[in-house]
There are 2 protein chains.
Amino acid sequence: MPAKTDHEARRRDVSAAVWKVLAADGFSGLTLRAVAAEMGVSTGLVMHYFPSKHALIVHALEVAEERTRALIPEVADLRTALAAALPVSPEAIEINRVWVSSWDVALAEPELGALEQARYRRWRARLRPLVIEAQTTGDLPTGDPSDLVAGLAAFTHGLVVQALFDPRTFGRKRLLHLLDAHLSALRPPDGRPGTIAPRVQKPRAGASR
Amino acid sequence: MPAKTDHEARRRDVSAAVWKVLAADGFSGLTLRAVAAEMGVSTGLVMHYFPSKHALIVHALEVAEERTRALIPEVADLRTALAAALPVSPEAIEINRVWVSSWDVALAEPELGALEQARYRRWRARLRPLVIEAQTTGDLPTGDPSDLVAGLAAFTHGLVVQALFDPRTFGRKRLLHLLDAHLSALRPPDGRPGTIAPRVQKPRAGASR
DNA sequence: GTACGTACCGAACGTTCGTTATGTACTTTT
DNA sequence: AAAAGTACATAACGAACGTTCGGTACGTAC
């Protein structure tokens, strides 16, 4: 009775087109017609694979989370995990632009806001063991890991936003320097030096900036 | 020849209505009709005081910046300045929601992105003397003040975003605790204690959380 | 009192949006 | 061969959008 084409594969095609539109124009530019035009088909096809625009948005956010996850190496220490989240590569810039752009709709629609809340909690949960590990090696001070995790997530995402709007000031080298300097500053005085981040006291003279 | 009404005052009325719409529905919900409905007038009136929707958006962002500035006491130390930017009051929550919501359009339209970039630079410039002051009192480590400013701005705005999506987890008390703990962790080992932030090592048992 | 400019309404303009309905080409099952 | 179901294109729907425009009410200036 049924099919001819690979439904799952075609759905991924649509998903990819959605992502291209998002990367180019953000959520305010995400329309069914833009997605259809991107892949050279009709809006009817798009709605054949996604029942509504809302489903398209939810799916796009899932893709964004998956891409973010894929950005971080399977086995990583804290510095690596945080550095991967910074907009230090074209791919990372694209993903972060989509994230930041999504916050508008996420704040406007409670359901999407709840999804974003859950995503943040997942991110912090993934960071948590890395923070605890850094605490045991003396790279981070003792104290409530939850506080440290929230603070490091905040630091990272705050840098992301500033970098997206001011890529000249916050280039790749400077972002990584800021991260290292921050981790270094957090290291307790009695911590053994240099396990997860180089000790940075004074920035080198010719550093990016 | 000319006028009867107070043009400037009426313009502020429109501006206030714009703000109410933004606070309620974000930038994705900002339409001329919504603004007009908010103040019970026609869209014609709105366009009488603002030539286009774009002008309305630009003006709204200026208002947001001014409100942010007004939030911070005239004379303040670093902790006070950063604490004021956190969503710890209904007013601050409202402002921050508008800010985060604006990033979607700001990323999509280069002109608005440039304005946002300039605003971030102004914010960091306002933070800078406070950071330098904290360095001289030994509350912050020596090193490039630009790095510390960017890091503290990042930390603060990163907390803002997490708090907006998860106000239960990031209530007023916890936000202030996180800020204090962060400033405390940054204090160099030879720094005299307690000038700009209480020394927080272990969170009190019954703290907000 | 006449002329003129501002303030504003009400309605409509053309566009674009998400969504739906209709029809056709093609495959697979019976 | 007939039946059925998937995979689309095409076209249209109604709603909402930013913007424009004609008209009216009301001042002030002459």
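Note that the structure is predicted; figures quoted are calculated from it, not measured. In what follows, chains carry the letters A, B, and so on, assigned in the order in which the sequence lines appear, proteins first and then strands, with residues in each chain numbered from 1.
A straight line from NZ of Lys53(A) to P of dC17(C) spans 8 Å, rounded to a whole angstrom. Counting to the nearest Å, the P atom of dC8(C) and the CG atom of Asp6(B) are 11 Å from each other. In this structure, Glu8(B) places its CD atom 16 Å from C1' of dA7(C), rounding to the nearest Å. Taking atom NE2 on His54(A) and atom C1' on dG18(C), their separation rounds to 13 Å, with Å as the unit.
Counting any heavy atom pair closer than 4.0 Å across all strands shown, Leu56(A) reaches no nucleic acid atom.
For the residue pair Thr68(A)/Trp99(A), the side-chain donor-acceptor check at 3.5 Å is satisfied. Counting only N and O atoms by type, the side chains of Glu94(B) and Trp19(B) include a donor and acceptor under 3.5 Å apart. Between the side chains of Tyr120(B) and His157(B), a donor-acceptor pair is found at a separation under 3.5 Å. Side-chain polar atoms of Gln117(B) and Arg168(A) form no donor-acceptor pair below 3.5 angstrom.
Checked for salt-bridge contact, Arg124(A) and Asp166(B) meet the test: a charged N lies under 4.0 Å from a carboxylate O.
Taking the side chain of Arg33(A) as heavy atoms from C-beta on, and the options dA7(D), dG18(D), dC17(C), the nearest nucleotide is dC17(C).
When the shell of 6.0 Å around NZ of Lys53(B) is examined, it contains more than 12 heavy atoms from other residues, nucleotides or ligands.
Checked against a 6.0 Å centroid threshold, the rings of His182(B) and Phe155(A) do not count as neighbours.
The side-chain heavy atoms of Phe170(B) and Leu178(B), taken from C-beta on, include a pair separated by under 4.5 Å.
No side-chain donor-acceptor contact under 3.5 Å links Asp104(B) to the backbone of Val100(A).
Listed pair Arg10(B) / dC8(C) meets the phosphate criterion, a side-chain N or O lying under 4.0 Å from OP1 or OP2. OP1 or OP2 of dA7(C) lies within a sub-4.0 Å distance of a side-chain N or O belonging to His7(B).
For DNA chain D, no neighbouring residue in residues 104-115 of chain B is found when judged by any heavy atom under 4.0 Å. Residues from residues 34-51 of chain B placing a heavy atom under 4.0 Å of any atom in DNA chain D, listed by number, are Thr43(B), Met47(B).
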